[in-house]
Amino acid sequence: MDRIRAWFRRKDEEYEPLTTSADGSPESTAPTVPTPTFSWLEYSIFVLLGVSMLWAWNMFLAAGPYLEQRFRGNDWIARNFQAVELSISNVGNLGVMFVLTKMQRGASYPRRIFMGLVINTLVFGLLAVSTKIFTGISASAYFGFVMAMVFSASVSTGLFQNGIFAYVSGFGQSSYTQGIMVGQGIAGVLPCIAQIVLVLGLSSSRDDIKTAGDMPGAVPEAPPVPSSAALAYFLTAVAISAATFSAFSLLVRRRATQRLKADIHAEHAPGLHGERSASKSVPMLVLARKLLWPAMTVFITFVITMQFPVYTQKIVSVVPVDKASRILYPPSFIPLAFLFWNAGDLIGRILTAFPKLLLTRRPHALFVLGLARLIWIPLYQLCNIRGRGAVISSDFFYLVVVQLLFGISSGYIGSSCMMGAGEWVEPEEREAAGGFMGLCLVLGLAVGSFLSFFVSG
């Protein structure tokens, strides 16, 4: 054990945050650049930006039962639309992120964020209209429309992710990055709660839940989802995007004012020019070298994380249907399991707000922790997959030990990597570093999503 500790200590000493100036000379012991001040207003806006970044995708997931109803005229589409949706989203998002990460010189990251919000608003406005108009079109025609909207939303998300992670890095406040990650966690929790409330509200009695057949242990089917529910999902996404647009506009104006004041002060104190380092184009190989361990960690973390949706869709309560309460029926138990995972993810992201719990200066330790999360894959195999029986017959074990703790590990490690990236590069490279880390995150999600197709269960 002592040798392991010594190895980590030696490695992390080799991988220290930058303490020298850009030309390689030692920094003066007296700082010439004031530490950026923390603002709760700015933090709150970044939380809202994090919510908006993932809210759109979560509304697609929440509207899944409604979309399945619209696709029932075509068996293949009804069975496979979610897999196609996931593939199109990942390909579009990853492609946009890769192109934007290469386009650094002269990039306006706020403009990319605004473009993403506008596209999101248009996409979900059209989806909201589709719940009331042209409801009689064929399943294949509606499928084509929805997939076009999914691709457009993935482009929007790519613009958003590249812009926000690069933009926030320029503030020099890792707590703002933590705010974005917390907002993403909130965007995962609220739709799960909405789904549970919707299912329980639509099924007022045991008789309202229809089973797939008369065989004992048959899996209950979800009650019909009214178009008004899908309309509410899509309009909520429109409202969130519009509110975020207004809040971000305020942040951009506030930032411009701060920079103007800094320039005025810099005329009397030349040392302050370092506060506003001009962004520059940084080769991806340079970023990969400087951010090797954080980038690998965030990649492997989300590759492993993306296995949880596959298992969560397949695992049901160990309580027999004829003895279970309504919350344990699959239509509500599955969203409940998603809620536990997303609540854990949110807790993990919040934990990074406590400096004593941060490991941003221990990237090797973070990498080992990220890799160790593979242990959760066999833990899922111990649960009640497709109702075939569980090795550990306990819903508590599944919901708390597996789902909640897996979510906590994902939120904590992922947020730590994103927050610490700015410590390993020069100030003028922070925006490029933020975009590069966002690319690694999306790449992990994409690879994890494709690998999840091979998960057996």
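The structure presented is a predicted model; accordingly, all values stated were derived computationally and were not measured.
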Do Ser156 and Asn120 have a side chain donor and acceptor closer than 3.5 Å? yes

Does any non-hydrogen side-chain atom of [Y] lie less than 4.5 Å from one of [X]?
X      : Y      : answer
Val84  : Trp76  : yes
Val189 : Ile186 : no
Trp55  : Thr244 : no
Tyr380 : Ile315 : yes
Asn90  : Ser154 : no
Ile413 : Arg373 : yes
Tyr311 : Cys383 : no
Val51  : Leu190 : no

Check [X] against [Y] and note the closest heavy-atom contact, atom names and distance.
X      : Y      : result
Gly370 : Ile300 : C-CG2, 4.5 Å
Val298 : Cys440 : CG1-CB, 3.7 Å
Phe302 : Ser410 : CE2-OG, 4.3 Å
Tyr398 : Thr312 : OH-CA, 3.6 Å
Ser130 : Phe145 : CB-CE2, 3.7 Å
Gly158 : Leu100 : O-CD1, 3.9 Å

Find the distance between [atom1] ([X]) and [atom2] ([Y]) and round it off to the nearest 0.5 Å.
X      : Y      : atom1 : atom2 : result
Leu251 : Leu41  : CG    : CG    : 7.5 Å
Ile350 : Leu357 : CD1   : CG    : 12.5 Å
Asn162 : Phe436 : CG    : CZ    : 12.5 Å
Leu250 : Arg255 : CG    : CZ    : 14.0 Å
Leu122 : Leu117 : CG    : CG    : 11.0 Å
Leu54  : Gln184 : CG    : CD    : 4.5 Å

Go through the steps to decide whether Tyr233 and Leu127 satisfy the test side chain to side chain contact (heavy atoms under 4.5 Å, CB included), and finish with yes or no. CA-CA 10 Å; Tyr233 290 146; Leu127 285 167; over 6 Å; no

Could you tell me which residues satisfy ring-ring contact (aromatic ring centres under 6.0 Å, His included) with Phe98, sequence neighbours excluded, listed by chain and number? none

If the condition is ring-ring contact (aromatic ring centres under 6.0 Å, His included), which residues does Phe340 pass it with, not counting sequence neighbours? none

For Val168 and Leu49, what are the C-alpha separation, side-chain angles and deciding distance, and is it a side chain to side chain contact (heavy atoms under 4.5 Å, CB included)? CA-CA 11 Å; Val168 72; Leu49 286 164; over 6 Å; no

Under the criterion side chain to side chain contact (heavy atoms under 4.5 Å, CB included), I'd like the reasoning laid out for Leu399 against Phe333: C-alpha separation, chi angles, the key distance, then a yes or no. CA-CA 10 Å; Leu399 294 175; Phe333 184 78; 4.3 Å; yes

Would you check, one step at a time, whether the test side-chain hydrogen bond (donor to acceptor under 3.5 Å, both in side chains) holds for Arg254 with Ser39? CA-CA 11 Å; Arg254 177 186 173 91; Ser39 165; 3.2 Å; yes

Got more than 12 heavy atoms from elsewhere within 6.0 Å of CZ, Phe397? yes

Residues, nucleotides or ligands: over 12 heavy atoms within 6.0 Å of Met115 CE: no

Residue pairs meeting salt bridge (charged side-chain N to carboxylate O under 4.0 Å, His left out), one or both in residues 342-351, sequence neighbours left out, come to Asp345-Arg349

Aromatic ring proximity, centroids under 6.0 angstrom, Phe338 and Phe308: yes

Would Phe143 and Phe71 count as a close aromatic pair, with their ring centres under 6.0 Å? yes

For the side chain of [X] and the backbone of [Y], is there at least one donor-acceptor N/O pair under 3.5 Å apart?
X      : Y      : value
Glu429 : Glu426 : yes
Gln178 : Ser174 : no
Ser249 : Phe245 : yes
Gln161 : Leu439 : no
Thr301 : Thr297 : yes

Out of Phe46, Phe171, Tyr43, which residue meets the ring pair (Phe, Tyr, Trp, His ring centres under 6.0 Å) rule with Phe38? Tyr43

What class does the angle between the rings of His364 and Trp293 fall in, given that below 30° is parallel, 30 to 60° is tilted and above 60° is perpendicular? tilted

Which word best sums up how the rings of Phe124 and Phe234 line up, parallel for under 30°, tilted for 30 to 60°, or perpendicular for over 60°? tilted

Evaluation steps, side chain to side chain contact (heavy atoms under 4.5 Å, CB included), between Ile180 and Met418: CA-CA 10 Å; Ile180 294 173; Met418 299 303 293; over 6 Å; no

For Tyr167, is the NZ or CZ atom of Arg112 found under 6.0 angstrom from the centre of its six-membered ring and inside 45 degrees of the ring axis? no

